[in-house]
Amino acid sequence: MRHTLPIAPQFYVTAPQPCPYLEGRMERKLFTALQGEQSERLNDALSKQGFRRSQNVLYRPSCAECSACLSARIDVKAFAASRSQRRVLKRNAHLSRRATSPWATEEQYALFRDYLDSRHATGGMADMDLFEFAAMVEETPIRSRLIEYADPDTKDDGRGGLRAVCLTDVLDDGLSMVYSFFDPDHEKASLGTFVILDHVRIAIEMNLPYVYLGYWVPGSPKMGYKAKFTGLEVFRNRRWQPLGDPEGYSADTDPLSVDPIAEQVARISLPDSRVVRR
């Protein structure tokens, strides 16, 4: 017998917390769990609507009085490396790339700790231990990969020569860079930019149209680098659109322009019903 069962994930809202991007503001997130055999379809569908994955949860900013955070992705066909970005590629051409299953190692964690201690010593991940790091990497119900970049000449540095690592989800329309970290001692190498540029190359190799970068926030120094990539699109007013001039955006928003949670949830497009045999 065949039964058609609707996919109906439950959505929840987090309690307000201080925003990590805009000082003096409170952040709230709309989220749902990723579980079951339909996890990949749900992840694909909601990623196209501005959601991001963290372990087995999909979330999207849903602040009561602010809508400054915009999900961002690179349209691979519209991307063209700038002169400075071409220099970054050349500077890191000696690094080897290796794609592995999402399995945490002590070498990765050592690099992760150096990165946090240098860049985000007071952030929400500052106290993350090896077991929590492993959970972040390994608790994924969908198709994920760890992309490692290593210097073959420095394998005895206690980190296996690792220079950068990115936890990447493979979506039906692109690559989603869930979390990346890199060697803070090689600032001039611009490793963060290099990892994004290489993901564009991987997307081209896999014939995927987009590279999802997370959120871009106008006025946030932490997020300014994303606007330097041509072909950048942002999810705004319930659709993807070219970023255009970054200076034309403002972090100041009218609280009355933010839709109530119930309306936001009602407008989310979910995957089609699935057919289950019994």
*Asks:* Identify, with sequence neighbours excluded, every residue that meets ring pair (Phe, Tyr, Trp, His ring centres under 6.0 Å) alongside Phe194.
*Replies:* Tyr149
*Asks:* Does the Tyr249 side chain pair with the main chain of Leu243, one donor and one acceptor, at a distance under 3.5 Å?
*Replies:* yes
*Asks:* State, yes or no, whether a side-chain contact exists between Val195 and Met177 at a heavy-atom distance under 4.5 Å.
*Replies:* yes
*Asks:* Listing request: all side chain to side chain donor-acceptor pair (under 3.5 Å) pairs with a residue in residues 42-51, at least two apart in sequence or in separate chains.
*Replies:*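 For residues 42-51: Lys48-Asp172.
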*Asks:* At their closest point, which heavy atom of Ala189 faces which heavy atom of Asn92, and how far apart are they?
*Replies:* O-ND2, 2.9 Å
*Asks:* Might you work through the side chain to side chain contact (heavy atoms under 4.5 Å, CB included) test for Leu208 and Val76, ending with a clear yes or no?
*Replies:* CA-CA 8 Å; Leu208 293 171; Val76 171; over 6 Å; no
*Asks:* Hydrophobic clustering (ILVMFWY, side-chain heavy atoms < 4.5 Å, transitive) - are Phe182 and Val88 grouped together?
*Replies:* yes
*Asks:* Check whether any side-chain heavy atom of Leu34 sits under 4.5 Å from a side-chain heavy atom of Val57, and report yes or no.
*Replies:*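 Side-chain contact under 4.5 Å: no.
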*Asks:* Between Gln55 and Glu139, what is the shortest heavy-atom contact and its length?
*Replies:* NE2-OE1, 2.8 Å
*Asks:* Just wondering, do Met26 and Cys19 contact through their side chains at under 4.5 Å, heavy atoms?
*Replies:* no
*Asks:* Which is it for Tyr179 and Cys166 under the side chain to side chain contact (heavy atoms under 4.5 Å, CB included) test, yes or no, and what are the steps along the way?
*Replies:* CA-CA 6 Å; Tyr179 191 78; Cys166 186; over 6 Å; no
*Asks:* Tell me whether Val137 shares a hydrophobic cluster with Leu162, the cluster being built from Ile, Leu, Val, Met, Phe, Trp, Tyr side chains joined at under 4.5 Å.
*Replies:* yes
*Asks:* Does Pro209 offer a backbone N or O that forms a donor-acceptor pair with the side chain of Lys77 under 3.5 Å?
*Replies:*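 Between the backbone of Pro209 and the side chain of Lys77 there is no qualifying donor-acceptor contact (under 3.5 Å).
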*Asks:* For Ser71 and Phe235, indicate whether the former's side chain and the latter's backbone hold a donor-acceptor pair under 3.5 Å.
*Replies:*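 Not confirmed, Ser71 side chain does not pair with Phe235 backbone.
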*Asks:* Would you find more than 12 non-hydrogen atoms of other residues, nucleotides or ligands less than 6.0 Å from Gln241 atom CD?
*Replies:* yes
*Asks:* I'd like to check Tyr215 versus Leu70 (side-chain heavy atoms, cut-off strictly below 4.5 Å). Are they in contact?
*Replies:*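 Tyr215 vs Leu70: side chains apart.
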*Asks:* Please confirm whether the backbone N or O of Asp114 pairs with a side-chain atom of Ser118, one donor and one acceptor, at under 3.5 Å?
*Replies:* no
*Asks:* Checking Glu132 now: which residues fulfil side-chain hydrogen bond (donor to acceptor under 3.5 Å, both in side chains) with it, not counting sequence neighbours?
*Replies:* none
*Asks:* To the nearest 0.5 Å, what is the distance between CD1 on Ile268 and OG1 on Thr32?
*Replies:*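 So the CD1 of Ile268 and the OG1 of Thr32 are separated by 8.0 Å.
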*Asks:* Under the side chain to side chain donor-acceptor pair (under 3.5 Å) test against Thr168, which residue among Arg143, His199, Arg145 passes?
*Replies:*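 So the option named by the test is His199.
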*Asks:* What's the shortest heavy-atom distance between Ala68 and Leu22, and which atoms?
*Replies:*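 Distance-wise, the nearest heavy atoms are CB-CD1, 3.9 Å.
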*Asks:* For Phe229, what residues pass the ring pair (Phe, Tyr, Trp, His ring centres under 6.0 Å) criterion, not counting sequence neighbours?
*Replies:* none
*Asks:* Starting from Leu232, can I reach Ile204 by hopping between I/L/V/M/F/W/Y residues whose side chains sit under 4.5 Å apart?
*Replies:* yes
*Asks:* Donor-acceptor check, side chain of Glu138 to backbone of Ala104, threshold 3.5 angstrom: yes or no?
*Replies:*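 Answer holds: yes.
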*Asks:* Apply side chain to side chain contact (heavy atoms under 4.5 Å, CB included) to the pair Arg52 and Leu58, showing each step before the final yes or no.
*Replies:* CA-CA 5 Å; Arg52 295 283 293 168; Leu58 285 172; over 6 Å; no
*Asks:* Find out if a path of hydrophobic residues (ILVMFWY) with successive side-chain heavy-atom gaps under 4.5 Å connects Met206 to Tyr210.
*Replies:* no
*Asks:* When the ring centroid of Phe51 is compared with that of Tyr59, is the distance short of 6.0 Å?
*Replies:* no
*Asks:* Do side-chain atoms of Ser190 reach the backbone of Thr193 as a donor and acceptor pair under 3.5 angstrom?
*Replies:*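 A pair under 3.5 Å: no.
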*Asks:* Answer yes if Ile202 and Tyr212 sit in the same cluster of Ile, Leu, Val, Met, Phe, Trp and Tyr residues linked by side chain heavy atoms under 4.5 Å apart, and no otherwise.
*Replies:* no
*Asks:* Below 4.5 Å, heavy atoms only, C-beta onward: do Ser62 and Ile261 meet side chain to side chain?
*Replies:*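 In contact.
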*Asks:* Measure the OH-CE distance between Tyr109 and Met128 for me, rounded to the nearest 0.5 Å.
*Replies:*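 Reported value, rounded in 0.5 Å steps: 8.5 Å.
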*Asks:* Rounded to the nearest 0.5 Å, what separation is found between the CG atom of Leu95 and the CZ atom of Arg163?
*Replies:* 7.5 Å
*Asks:* Is Gln108 close to Phe133 at the side-chain level, that is, under 4.5 Å between some pair of heavy atoms?
*Replies:*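 Yes, close enough: below the 4.5 Å cut-off.
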*Asks:* Which residue pairs satisfy the salt bridge (Lys or Arg N to Asp or Glu O under 4.0 Å) criterion with at least one member in residues 192-213, sequence neighbours excluded?
*Replies:*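 Qualifying pairs, neighbours excluded: Arg97-Asp198, Arg97-Glu205, Asp198-Arg201.
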*Asks:* With a 4.5 Å cut-off on side-chain heavy atoms, are Thr230 and Ser82 touching?
*Replies:*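 No, their side chains stay 4.5 Å or more apart.
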*Asks:* How many angstroms lie between CG in Leu111 and CD in Glu148, if you round to the nearest 0.5 Å?
*Replies:* 9.5 Å
*Asks:* Rounded to the nearest 0.5 Å, what separation is found between the CZ atom of Arg25 and the SG atom of Cys66?
*Replies:*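 With rounding to 0.5 Å, CZ (Arg25) is 4.5 Å from SG (Cys66).
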*Asks:* Go through the steps to decide whether Asp173 and Arg73 satisfy the test side chain to side chain contact (heavy atoms under 4.5 Å, CB included), and finish with yes or no.
*Replies:* CA-CA 11 Å; Asp173 72 340; Arg73 70 184 186 186; 3.9 Å; yes
*Asks:* Show every salt bridge (Lys or Arg N to Asp or Glu O under 4.0 Å) that has at least one partner inside residues 238-248, sequence neighbours left out.
*Replies:* Arg238-Asp259
*Asks:* Strictly below 4.0 Å, N to O, side chains only: are Asp169 and Arg53 in salt-bridge contact?
*Replies:*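 Result for this pair is yes, salt bridge flagged.
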*Asks:* I want to check something: taking the side chain as every heavy atom from C-beta on, are Ile196 and Tyr225 in contact at a cut-off of under 4.5 Å?
*Replies:*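 Yes. Closest side-chain heavy atoms under 4.5 Å.
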*Asks:* Quick check for you: to the nearest 0.5 Å, what is the distance between Leu191 atom CG and Leu197 atom CG?
*Replies:* 11.5 Å
*Asks:* Which class fits the ring pair Phe181 and Tyr115: parallel under 30°, tilted 30 to 60°, perpendicular over 60°?
*Replies:* tilted
